Amino acid sequence: MSKQHKPQQNHLLAALPAEVQGRLFPDLKLIDMPYGKVLYESGDIMQHVYFPTDSIVSLLYVMENGASAEVSVVGNEGFVGVALLMGGDSTPSRAIVQSAGHAYRLLAQLFKEEFHRHSEMQVLLLRYTQALITQMTQTAVCNRHHSVEQQLCRWLLLCMDRVPGSQLYMTQELMANMLGVRREGITEAAGNLQKQAAIEYKRGRITVLNRPMIEKLSCECYAVVRKETDRLMPFSTGQGALLST
């Protein structure tokens with residue numbers, strides 16, 4: 001294991017019972033998660049699960065014409081590979097690294113064996129799955145009923161909860177793809193946030209200057225997801241809590 005990284009930097013791994021950690025941690029492999037890396041495509045049989053530490057993974061649904069929209073984000077509060085818990089082994093979504101960093105990778109078979117062996121692990125991961133489903137359903141509602149600016153604020157807050165510091169490296173084209181909107185809509189929304197000194201956007205780098213303002217400008221969807229995750233999980237979400245380990 002790297003001296004700079006440890007499995008406990010992922011909050012799900014940190015919350016596992018000690019005996020489960022003892023069995024799984026020796027088989028974890030720390031990997032680089034470069035921006036744009038595809039962990040799996042739609043329909044792929046999952047060979048591994050991934051526990052991000054300082055990276056963010058987007059789960060995207062890709063249409064036949066190539067258009068895409070993000071259905072959820074996963075950072076150090078969770079793991080990529082929920083379909084394995086349901087017995088499906090594959091999913092119609094794509095998993096792609098949105099923010100570069102690292103993750104711990106584990107063979108899917110070892111993960112499933114341990115999941116079926118230990119009841120406390122089952123409860124923990126199923127509660128996380130419920131929180132993830134809440135994020136997915138709230139994202140669908142948000143995309144249908146709220147403005148692009150509100151969607152962008154929700155998305156920024158979810159991302160900021162999962163990365164160190166106050167900066168994200170993201171092009172407007174990528175943000176548009178994630179939210180499933182036109183690039184012009186992102187340009188206008190980001191411009192409005194910049195005029196209000198909530199963010200600074202420069203050459204693909206977003207710096208959050210005033211998080212309370214972004215929370216105020218966001219719709220209720222972020223708060224719903226945050227509250228439900230805090231209720232379900234044995235650790236607090238939010239930037240300070242998620243990054244304190």
Side-chain angles (χ1 to χ4, degrees), residues 1-2 4-30 33 39 46 48-59 71-87 95 98-99 101-108 110-139 154 157-165 211 215 220-245:
M1 298 290 183
S2 170
Q4 290 81 15
H5 300 272
K6 57 183 179 178
Q8 290 87 349
Q9 289 171 323
N10 177 279
H11 286 254
L12 271 184
L13 290 178
L16 289 173
E19 61 182 281
V20 176
Q21 292 180 348
R23 286 191 291 266
L24 289 185
F25 281 16
D27 292 305
L28 293 172
K29 181 179 180 181
L30 180 67
M33 298 276 274
L39 303 183
M46 296 179 183
H48 300 90
V49 292
Y50 300 84
F51 297 88
T53 55
D54 55 357
S55 59
I56 299 177
V57 177
S58 289
L59 305 184
V71 295
S72 63
V73 294
V74 179
N76 59 358
E77 88 295 350
F79 76 104
V80 179
V82 163
L84 293 168
L85 303 183
M86 311 301 177
Q98 175 200 112
S99 181
H102 302 83
Y104 283 93
R105 187 177 69 191
L106 180 69
L107 284 172
L110 294 176
F111 175 77
K112 289 192 291 184
E113 289 174 359
E114 194 62 40
F115 176 75
H116 291 298
R117 175 186 293 152
H118 203 286
S119 60
E120 286 185 46
M121 179 180 178
Q122 290 177 12
V123 171
L124 176 67
L125 296 185
L126 288 175
R127 288 172 75 89
Y128 168 71
T129 301
Q130 182 177 339
L132 188 66
I133 291 172
T134 298
Q135 185 189 153
M136 291 176 174
T137 55
Q138 204 67 37
T139 296
R154 168 188 56 81
L157 291 168
L158 288 173
C159 291
M160 294 308 300
D161 283 347
R162 292 159 173 83
V163 295
R211 181 182 171 117
E215 291 180 355
E220 71 266 27
C221 295
Y222 169 73
V224 169
V225 174
R226 170 79 178 269
K227 182 178 179 180
E228 183 69 353
T229 303
D230 286 351
R231 182 183 74 84
L232 289 166
M233 304 310 297
F235 47 81
S236 295
T237 59
Q239 190 175 68
L242 284 174
L243 300 168
S244 62
T245 301

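Values reported hereafter were calculated over all heavy atoms of this structure, with side chains retained and with hydrogens, waters and symmetry mates removed. Quantities reported herein were computed from a predicted structural model and do not represent experimental measurements.
- Under a 3.5 Å cut-off, the side chain of N76 and the backbone N or O of P52 do not form any donor-acceptor pair.
- Of all the heavy atoms in Q130 and E228, the pair that sits closest is NE2-OE2, 3.3 Å.
- No side-chain N or O of D27 forms a donor-acceptor pair with one of Y104 less than 3.5 Å apart.
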L39/M33 under side chain to side chain contact (heavy atoms under 4.5 Å, CB included): CA gap, chis, key distance, verdict: CA-CA 9 Å; L39 303 183; M33 298 276 274; 3.8 Å; yes

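- Here L107 contributes atom CG and K29 contributes atom NZ; the two are 10.0 Å apart, rounded to the nearest 0.5 Å.
- To the nearest 0.5 Å, atom CD of residue E120 and atom CD of residue Q122 are 10.5 Å apart.
- Listed for the Q138 side chain is no donor-acceptor partner under 3.5 Å among the backbone atoms of V225.
- At a threshold of 4.5 Å between non-hydrogen side-chain atoms, the residues C159 and Q98 count as touching.
- By the side-chain hydrogen bond (donor to acceptor under 3.5 Å, both in side chains) test, E220 pairs with no residue at all, sequence neighbours left out.
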Verdict with supporting geometry, Y50 and N10, side-chain hydrogen bond (donor to acceptor under 3.5 Å, both in side chains): CA-CA 10 Å; Y50 300 84; N10 177 279; over 6 Å; no

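- Atom-to-atom distance recorded for S58:OG and L158:CG is 10.5 Å, nearest 0.5 angstrom.
- Evaluated for a ring pair (Phe, Tyr, Trp, His ring centres under 6.0 Å) with F51, the options Y128, F25, F79 yield exactly one hit, F79.
- Distance check: L132 CG to L59 CG gives 6.5 Å after rounding to the nearest 0.5 Å.
- With a 4.5 Å cut-off on side-chain heavy atoms, M233 and E77 do not count as touching.
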Pair M86-T129, side chain to side chain contact (heavy atoms under 4.5 Å, CB included): steps then yes or no: CA-CA 10 Å; M86 311 301 177; T129 301; 3.1 Å; yes

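- Atom OG of S99 sits about 9.5 Å away from atom CE of M160, to the nearest 0.5 Å.
- Two residues are said to be in side-chain contact when any heavy atoms from C-beta on lie closer than 4.5 Å; I56 and V74 fail this criterion.
- Closest approach of S72 to Q135, counting heavy atoms only: CA-OE1, 3.2 Å.
- With hydrogens and angles ignored, the 3.5 Å screen pairs a side-chain donor or acceptor of Q21 with a backbone N or O of A14.
- Residues T229 and A131 share a closest heavy-atom pair of OG1-CB, 3.8 Å.
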Intermediate values then yes/no, side chain to side chain contact (heavy atoms under 4.5 Å, CB included), L24 and L106: CA-CA 8 Å; L24 289 185; L106 180 69; 4.0 Å; yes

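- Using a 3.5 Å distance cut-off with no hydrogens or angles, the side chains of T53 and Q9 do not pair a donor with an acceptor.
- With contacts defined as side-chain heavy-atom distances shorter than 4.5 Å, the pair R23/L110 does not qualify.
- Within the 4.5 Å cutoff, the side chain of V73 has no heavy atoms near those of the V57 side chain.
- Partners of F115 by ring pair (Phe, Tyr, Trp, His ring centres under 6.0 Å), not counting sequence neighbours: none found.
- Side chains of M121 and E19 form no contact here, defined as non-hydrogen atoms less than 4.5 Å apart.
- For L12 against G78, the heavy-atom pair with the smallest separation is CD1-CA, 3.5 Å.
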R211/L157 under side chain to side chain contact (heavy atoms under 4.5 Å, CB included): CA gap, chis, key distance, verdict: CA-CA 8 Å; R211 181 182 171 117; L157 291 168; 3.9 Å; yes

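- In this structure, the side chains of D54 and H5 come closer than 4.5 Å at one or more pairs of heavy atoms.
- The shortest distance between side-chain heavy atoms of H102 and L30 falls below 4.5 Å.
- For the atom pair L124 CG and H118 NE2, the distance stands at 11.0 Å (nearest 0.5 Å).
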